[in-house]
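Note sheet for the following structure.
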Amino acid sequence: MKLDQLENWQRTKKCEEVSTQDVGTEQIVMGWVNTRRDHGGVIFCDLRDYSGIVQIVFGQQHEEKAFLKADSVRTEYVLAVRGIVAKRDPETINPKMKTGAIEIHVLELRLLNNCKMLPFQIGDEHQDISEKNRLKYRILDLRRASMQKNLMMRSKAAQVIRDFFYRNQFFEIETPVLTKSTPEGARDFLVPSRVNSGRFFALPQSPQLFKQMLMVSGYDRYFQIVKCFRDEDLRGNRQPEFTQIDIELSFTNQDQILDLIEAMMANLFKETIGFEIPLPIPRMTYQEAMDGYGSDAPDLRFGLKLIDLSSTVANCKFKVFGDAIKNGGVVKAIRVPGGNSFSRKDLDDLTDFVRIYRAKGMAYVKIREEGWQSPITKFFSEEEIRQINEVTGATVGDLILFGADTEKIVNDSLGNLRKEVAQRTGLIKEDEFNFVWVTEFPLFEFDEEEKRFSSSHHPFTMPNESDLDQWENEDPARIKSEAYDLVLNGVELGGGSIRIHRKDLQERIFKLLSIKDEEAQAKFGFFLDALEQGAPPHGGLALGFDRIMMFLSNAKSIRDVIAFPKTQQASCLLTEAPSEVDTTQLKELGLAIRKPKLS
RNA sequence: GGGGUUGUAGUUAAGAUUGGUUAUAACGCCGGCCUGUCAAGCCGGAGGCCGCGGGUUCAAGUCCCGUCAACCCCGCCA
């Protein structure tokens with residue numbers, strides 16, 4: 001089949017821009033054949049480009065040469081057509097199409113490229129394609145309208161974000177991608193250096209230290225939309241390389257930062273999807289979040305709050321509860337209004353569900369007219385039952401679900417259980433955007449494996465100074481920090497902190513983290529120097545751009561807002577990366593592959 | 001590292017409880033007919049390593065074991 005040259009043709013309209021106003025004019029449109037309907041004497045094609053679809057008509061009465069040529073046209077061929085825009089007869093208007101009132105009568109067809117049979121149909125939104133095929137044939141997947149919509153929305157969002165920061169006197173400054181490995185946080189992706197054999201760069205987990213050093217250099221306000229890399233296992237909303245909106249400000253405090261970011265988010269949601277975020281975004285402390293929701297990223301679209309019953313049941317005869325508390329754990333409960341209707345199977349399912357989070361079981365009580373209906377009723381005195389009813393606020397028809405274990409397990413299991421119950425009972429309004437700031441994170445968490453403290457946020461986070469003075473030697477776990485997270489519908493969008501800008505403070509923190517002076521000097525010497533070279537007070541945060549895009553695009557997977565994502569096994573089905581490399585490449589780098597043991 | 005779901009024409013699925021003739025459908029593809037369709041229609045046709053490997057059996061898409069891949073989750077990760 002002979003293909004045509006584009007020659008000097010220029011597009012005059014995008015497909016979906018052709019309208020009734022153009023009737024009678026000659027236009028040139030270009031795109032892909034979405035569908036083809038051959039009626040013998042007349043051939044209809046829906047021509048598609050990124051803007052949408054317009055119907056082009058090949059008929060003998062319009063131009064015989066084009067009509068004959070159109071006989072060989074097939075789905076996904078690439079065409080350029082010149083034709084007259086015509087009004088459709090009233091009975092042939094298609095109200096489902098934006099361009100359904102008009103069509104283009106083709107005078108000249110240029111066949112720019114053909115297309116072999118594809119693994120799946122581009123225009124067919126009625127058939128779900130498996131994730132495997134979508135990723136393997138990503139080019140075709142990205143040609144589909146839903147993916148184009150998502151990626152165009154992403155482009156728009158990036159533009160809106162940049163506009164906002166430029167308006168607010170921020171500078172967009174690039175930071176290195178080849179940088180230094182740091183011991184804290186996630187596993188690094190390493191890049192061997194050829195010039196410095198035996199040494200490695202690391203890809204940045206975030207540009208954290210660079211943006212702080214830019215503050216020391218006096219750039220005042222920095223932002224960057226930047227790729228970050230973490231070599232950890234993937235999830236539905238986690239990719240090994242992802243994009244952050246990275247922000248840092250000098251001479252600022254937490255309130256200023258939160259106010260600014262709220263304004264940025266409100267602007268973003270308004271300009272992209274027309275949603276007005278009610279400001280200010282409510283704030284809650286880490287402690288309130290953990291106590292009431294069992295999570296530092298609480299979903300506030302529904303109630304089902306966790307209620308602490310530890311003191312109420314401390315002396316009850318039910319061994320599971322009593323032992324949990326004796327061993328330093330807690331007993332908490334969720335009251336499910338109307339949960340009386342849960343079947344035995346529902347409750348078994350929920351019990352299995354909490355086991356995922358290492359709960360050993362789940363006690364439950366149905367509140368009936370005649371009193372408690374539950375396998376554990378017999379362990380409780382009337383007074384205890386009265387107290388539990390009172391503390392939980394349970395009334396007839398309700399269900400109470402209990403968790404008893406260490407605080408971590410109870411919070412994990414009940415925190416997820418409340419989401420599960422809300423999901424099952426239709427309590428979650430899917431179209432709601434419920435933002436919350438979580439503040440006053442603990443500075444450290446205790447690493448049980450390594451028997452030492454590690455940073456909750458990162459080691460450069462400003463501690464609450466009076467907490468530090470008070471608990472430094474007694475109980476560092478009680479030191480709070482000036483760190484904060486932004487949470488939307490139970491999903492952490494990002495977080496940040498006020499940073500340490502004084503060396504003496506930074507050294508005290510390293511000491512608490514059991515990082516020795518020499519080690520600190522080797523890993524962060526350049527940064528500790530910066531703190532002695534006139535570092536201003538500063539702070540900032542980073543937001544997960546991909547996660548934000550999931551909300552703006554209503555996407556279920558992070559892969560649907562990233563053009564070329566990785567699979568859960570961290571591979572790219574399109575390019576088949578990662579791949580083996582030539583031995584000469586390895587040699588140059590001074591590397592050898594250790595053969596996996598054959599077993 | 002662990003738990004779960006899935007894997008059958010190009011695609012999406014049925015067939016798996018109860019092993020048994022030529023593995024079924026829709027869409028797509030190819031050919032023909034058709035001047036108003038728009039998920040076009042009608043007629044005809046091609047298309048299969050039932051993920052892969054092993055086992056049980058007279059006989060396996062179906063039962064058993066292993067393995068690979070995609071997805072969801074725990075651990076991990078801000």
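Throughout, protein chains are lettered first and strands after them, A, B, ... in sequence-line order, and every chain is numbered starting at 1. Since the model is a prediction, treat every value here as computed from it, not as a measurement.
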Which is true for [X] with a 4.0 Å heavy-atom rule: it touches a base, it touches only sugar-phosphate, or it touches nothing?
X	value
A/D296	base
A/S206	nothing
A/G494	nothing
A/H458	nothing

Does the side chain of [X] get closer than 4.0 angstrom to OP1 or OP2 of [N] through an N or O atom?
X	N	value
A/R37	B/rU37	no
A/R559	B/rC72	yes
A/R235	B/rC74	yes
A/R74	B/rG31	yes

Got more than 12 heavy atoms from elsewhere within 6.0 Å of [atom1], [X]?
X	atom1	answer
A/R358	CZ	no
A/W437	CH2	yes
A/R283	CZ	yes

**Complete:** Heavy-atom nearest nucleotide on RNA chain B taken for A/G236 and for A/A186; more 5' hit belongs to A/G236

**Message:** One character per nucleotide, please: for nucleotides 5-17 of chain B, 5' to 3', B when the base has a protein heavy atom closer than 4.0 Å, S when only the sugar-phosphate does, - otherwise.
**Reply:** -----BBS-----

Listed pairs, N/O of protein and of nucleotides 66-68 of chain B, under 3.5 Å:
none

With sequence neighbours excluded, residues passing side-chain hydrogen bond (donor to acceptor under 3.5 Å, both in side chains) with [X]:
X	value
A/R424	A/E420
A/Y222	A/Q224, A/D246
A/Q239	none
A/K566	A/E241

**Message:** I'd like to know if the side chain of A/S456 reaches the main chain of A/P442, judged simply by a donor and an acceptor atom lying under 3.5 Å from each other, with no hydrogens or angles considered.
**Reply:** yes

Distances under 3.5 Å only, N/O to N/O: pair up the protein atoms with those of nucleotides 34-36 of chain B.
unit_1 : atom_1 : unit_2 : atom_2 : d
B/rC34 : N3     : A/D38  : O      : 3.1
B/rC34 : N3     : A/G40  : N      : 3.4
B/rC34 : N4     : A/D38  : OD1    : 3.4
B/rU35 : OP2    : A/G41  : N      : 3.2
B/rG36 : N1     : A/E103 : OE2    : 2.9
B/rG36 : N2     : A/E103 : OE1    : 2.4
B/rG36 : N2     : A/E103 : OE2    : 3.0

**Request:** Hey, could you give me each pair passing salt bridge (charged side-chain N to carboxylate O under 4.0 Å, His left out) that has a residue in residues 476-487 of chain A? Not counting sequence neighbours.
**Result:** A/D467-A/K480

**Residue pairs fulfilling salt bridge (charged side-chain N to carboxylate O under 4.0 Å, His left out) with at least one residue in residues 64-75 of chain A, sequence neighbours excluded** = A/D4-A/K69

With rounding to the closest Å, how many angstrom separate the [atom1] atoms on [N] and [M]?
N	M	atom1	value
B/rC50	B/rU8	P	11 Å
B/rG48	B/rA25	C1'	15 Å
B/rU6	B/rG41	P	33 Å

**Asked** Given B/rA78, B/rA40, B/rG75, which nucleotide is nearest the side-chain atoms of A/D233?
**Response** B/rG75

**Request:** Would you state whether a donor and an acceptor, one from the side chain of A/R230 and one from the base of B/rC77, lie under 3.5 Å apart?
**Result:** no

**Message:** So if I take residues 567-577 of chain A and measure heavy-atom distances to RNA chain B, which residues fall below 4.0 Å?
**Reply:** A/T567, A/Q568, A/Q569, A/S571, A/L573

Side chains of residues 42-49 of chain A: which donor-acceptor partners sit under 3.5 Å, not counting sequence neighbours?
unit_1 : atom_1 : unit_2 : atom_2 : d
A/D46  : OD1    : A/R37  : NH2    : 3.1
A/D46  : OD2    : A/T35  : OG1    : 3.0
A/D46  : OD2    : A/R37  : NH1    : 3.3
A/R48  : NH1    : A/N34  : OD1    : 2.6
A/R48  : NH1    : A/E76  : OE2    : 3.1
A/R48  : NH2    : A/E76  : OE1    : 2.9
A/D49  : OD1    : A/S51  : N      : 2.8
A/D49  : OD1    : A/S51  : OG     : 2.6
A/D49  : OD1    : A/G52  : N      : 3.3
A/D49  : OD2    : A/C15  : N      : 2.9

**Nucleotide forming a Watson-Crick or wobble pair with B/rA69, both distances under 3.5 Å** = B/rU6

**Asked** Is B/rG19 paired to anything, Watson-Crick or G-U wobble with both distances less than 3.5 Å, and if yes, which nucleotide?
**Response** none

**Complete:** side-chain contact (heavy atoms from CB on, under 4.5 Å) test vs A/V33 passes for just one of A/N114, A/V73, A/V78, A/I56, namely A/V73

Going by atom type alone, with no hydrogens or angles, which donor-acceptor pairs under 3.5 Å involve a side-chain atom of residues 134-142 of chain A and a protein atom two or more places apart or on another chain?
unit_1 : atom_1 : unit_2 : atom_2 : d
A/R134 : NE     : A/D141 : OD1    : 3.0
A/R134 : NE     : A/D141 : OD2    : 3.0
A/R134 : NH1    : A/D560 : OD1    : 3.4
A/R134 : NH2    : A/D141 : OD2    : 3.2
A/R134 : NH2    : A/D560 : OD1    : 2.9
A/R138 : NE     : A/A563 : O      : 2.7
A/R138 : NH1    : A/D141 : OD2    : 2.7
A/R138 : NH2    : A/R559 : O      : 2.6
A/R138 : NH2    : A/I562 : O      : 2.8
A/D141 : OD1    : A/R144 : NE     : 3.0
A/D141 : OD1    : A/R144 : NH2    : 3.2

